[in-house]
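First the structure, in the form of structure tokens, and then the observations on it.
Computed from heavy atoms alone, side chains included, the values below leave out hydrogens, waters and symmetry copies.
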Amino acid sequence: MNMLPTIILIAVALCIVLGIVSFWLPSMTPDQEKLSPYECGFDPIGSARLPFSLRFFLVAILFLLFDLEIALLLPLPWGDQLTFPHTTLAWAGGVLLLLTLGLVYEWLQGGLEWAE
């Protein structure tokens with residue numbers, strides 16, 4: 001017997017049952033506590049719609065960029081076992097050069113300064 005139609009039938013039936021139960025199960029009685037913004041158990045101070053610092057956003061983006069760099073360069077030690085290891089090292093060097101130039105540019109523009 002072919003198992004693929006059985007597995008698809010079980011998956012579809014499970015999705016339909018879970019979808020129906022998710023509409024019936026929750027209690028929809030919002031009160032003042034549920035509608036208020038959550039701030040770690042403290043009473044809300046001020047508006048929850050205050051803008052955050054753009055500098056914080058830029059530093060977070062830079063952190064993600066350099067974190068991604070580490071993830072891309074992590075398999076580099078195994079690159080010497082490839083057929084053309086020089087090509088791998090050239091690409092890795094290009095990535096490092098590009099990111100270093102970006103870091104120097106951000107530094108010269110003052111994007112890494114915490115205080116003005």
Side-chain angles (χ1 to χ4, degrees):
M1 180 176 155
N2 195 355
M3 292 293 291
L4 187 61
T6 307
I7 292 172
I8 291 174
L9 181 65
I10 290 172
V12 169
L14 186 62
C15 289
I16 291 172
V17 168
L18 289 177
I20 292 171
V21 169
S22 71
F23 281 110
W24 285 338
L25 194 59
S27 61
M28 298 294 221
T29 55
D31 56 1
Q32 188 61 28
E33 291 295 322
K34 288 182 182 178
L35 294 176
S36 68
Y38 179 71
E39 293 190 16
C40 300
F42 296 104
D43 290 330
I45 301 170
S47 173
R49 301 289 182 221
L50 292 175
F52 62 95
S53 173
L54 187 61
R55 189 168 306 278
F56 172 77
F57 178 73
L58 290 175
V59 170
I61 292 296
L62 284 174
F63 171 76
L64 288 175
L65 178 70
F66 288 106
D67 193 39
L68 179 66
E69 168 200 1
I70 292 170
L72 288 174
L73 294 178
L74 206 57
L76 189 60
W78 290 278
D80 63 348
Q81 299 173 5
L82 295 174
T83 308
F84 302 107
H86 298 312
T87 307
T88 304
L89 292 175
W91 278 106
V95 168
L96 282 175
L97 179 68
L98 183 66
L99 289 171
T100 304
L101 291 175
L103 179 64
V104 168
Y105 176 76
E106 282 292 325
W107 194 328
L108 293 176
Q109 292 296 318
L112 301 176
E113 298 294 326
W114 284 100
E116 300 206 23

Identify all side-chain donor-acceptor contacts of residues 9-24 below 3.5 Å with residues at least two apart in sequence or on another chain.
| from | atom 1 | to | atom 2 | distance (Å) |
| --- | --- | --- | --- | --- |
| Ser22 | OG | Leu18 | O | 3.4 |
| Ser22 | OG | Gly19 | O | 2.8 |

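Cluster partners of Leu97, using a side-chain heavy-atom cutoff of under 4.5 Å among ILVMFWY residues and allowing indirect links, are Leu101.
Looking at every heavy atom in both residues, Leu76 comes nearest to Ala92 through CD1-CB, 3.6 Å. The shortest heavy-atom contact between Phe66 and Leu103 is CZ-CB, 3.8 Å.
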Can you list the steps and then say if Leu68 with Leu64 is a side-chain contact (heavy atoms from CB on, under 4.5 Å)? CA-CA 6 Å; Leu68 179 66; Leu64 288 175; over 6 Å; no
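Between the OG1 atom in Thr100 and the CD atom in Glu69 there is a gap of 7.0 Å [rounded to 0.5 Å].
Following chains of ILVMFWY side-chain contacts shorter than 4.5 Å, one cannot reach Trp91 starting from Leu73, and the two form parts of different hydrophobic clusters.
You'll find the side chain of Leu65 stays beyond 4.5 Å of the side chain of Ile61, heavy atoms only.
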